[in-house]
Amino acid sequence: MRLWGGRFDAEPNRLVQEFTQSIDFDRRLFRQDILGSIVHCRMLARQGIIDADEATTIEGGLRQVAEDIAEGRVVFDHALEDIHTHVESRLRELIGPAAGKLHTARSRNDQVALDLRLFLREVVLDTVDGLASLQETLQERAATWHDVVAPGYTHLQRAQPVLLAHHLLAYQEMFGRDADRFRDAYARLNVLPLGAGALAGLPYPIDRTFLAEQLGFDGISRNSMDAVGDRDFVVEYLAAASLTMAHLSRLAEEIVLWTTSEFGYLSLADSYTTGSSIMPQKKNPDVAELVRGKVGRVYGHLMHLLVTLKGLPLAYNRDLQEDKEALFDAVDTLLPSLALTAGMLRSAEVDAERLAAAAVSGFSLATDVADYLVARGVPFREAHAIVGRVVQRCLATGHTLADLPLDEYRAVSPVFDETVHQIDVWTSINARDVPGGTAPGRVRGELAAACLATADLRSWVSDRRRKLPSQDFLATR
Ligand code: ARG
């Protein structure tokens, strides 16, 4: 049962069939497709476009189709092109010719736009949830490791000491902005396209407001050609997903580095690492590497969608079918990456002593020594030069800033006195007591704010989930 055989004499060429089919991937949308069909069918009956008995039969049949597909009783066939055709054809097997009335006042063009928006809004909610879980993990780790100091880096050179919690909470901020991008995209995504028909609207007294209410949309599209012709909401998801993956990859890279014997700051649980087939001693951070390695797929899908849309004339074009595999793969990459990164962090242990030693090595307190001179009236630029010479002396004599004798300091500048030896990792960290700084009080404040921000994300998600139709067959993807 093809949906469009009427004006054709010949069957499509086999290769054409293979080339144009989308059932191999759009079968994933069957729940969304059937939900949309049920609500469409109810609307048709309410408006007197089909009669109530037929509508009841169709709805019962559609529920059965959902079950049949979920339980693998429907054989997918390339000759039946896509999920929309499969659903209708199964419906016809179940209820007979009445099935033919379901597609009144609808086109596959507005149908597929609807399915994709229904799918993606669930995904966006899951994504924001995943980000919130990851943030909670960061917060839990920040609290557990509250007095662990770490070297802060620039250029991957030890730069200034920070609290490890401060380092972790930097990711809280990144993932928070990511979540905001998804939330922002949701507002434009959660708009009903159904009722656009093929492109021009429909010559039936349909009730789009009813459709929107039943399907949990916050609004209806204002232009039928736009409704079937654009996929900018997919681009927005992929763009937000790309940045999230970028952030995940930075964290992943730090996990890879920090678990090496060169760094030795962090170790992961066995369950989040893998071994080598030849080197028995190996414990590799493959999960972190794969999170890092999968970023390119998502960037690629973003570019793919942007290119697909470029220069497309209005309204629907079959090119748009290319949106789905890209989107699905991005979703299947991002959601597990979020969950696994959180799991990895929860399983991690730190070597606090090694971190503390690294935090003060490599002249990490040099800026503090300069600030010490500034506090005694030396202009910063001059202080910088003086400390540069102090560092030279340390290098020449094999000392650190902490054990360089006072007379060596004073040989460079008479402003130094014995209090220079009081500078240590904690005076450095405590001194950075500005909003956004690494002083413990500031970090505690930021941690508390982080918990509130994440709670806000959670309630944003649950508020929206409550407004979605509660069809049980939509519960899983
Ligand atoms: N499989 C198509 C897609 O994904 C569904 C819409 C088909 N519409 C059409 N006029 N051929 O875009």
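As the structure is a computational prediction, the values presented were derived from the model and not from experiment. Atoms within a ligand are numbered from 1 in the order they appear, just like the ligands themselves.
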Pair listing, ring pair (Phe, Tyr, Trp, His ring centres under 6.0 Å) test, anchored in residues 172-195, at least two apart:
Phe182-Tyr237, Tyr186-Trp460
One pair to check against side chain to side chain contact (heavy atoms under 4.5 Å, CB included): Leu327 and Phe119. What are the steps and the verdict?
CA-CA 10 Å; Leu327 173 61; Phe119 171 82; 4.1 Å; yes
Below 6.0 angstrom between ring centroids: does that apply to Tyr171 and His247?
no
Report yes if the distance between the aromatic ring centroids of Trp258 and His167 is under 6.0 Å, otherwise no.
yes
Which N/O atoms of ligand 1 sit under 3.5 Å from a protein N/O, and at what distances?
| residue | atom | partner | partner atom | Å |
| --- | --- | --- | --- | --- |
| ligand 1 | 1 (N) | Ser22 | OG | 3.1 |
| ligand 1 | 1 (N) | Gln321 | OE1 | 2.7 |
| ligand 1 | 4 (O) | Lys324 | NZ | 2.4 |
| ligand 1 | 8 (N) | Asn109 | OD1 | 3.0 |
| ligand 1 | 10 (N) | Asn109 | OD1 | 3.1 |
| ligand 1 | 12 (O) | Tyr316 | OH | 2.5 |

Should Asp184 and Arg188 count as an ion pair when the cut-off is N to O under 4.0 Å?
yes
State whether Arg465 and Asp126 are salt-bridged, where the test is any N-O pair (Lys NZ or Arg NE/NH1/NH2 against Asp/Glu carboxylate O) under 4.0 Å.
yes
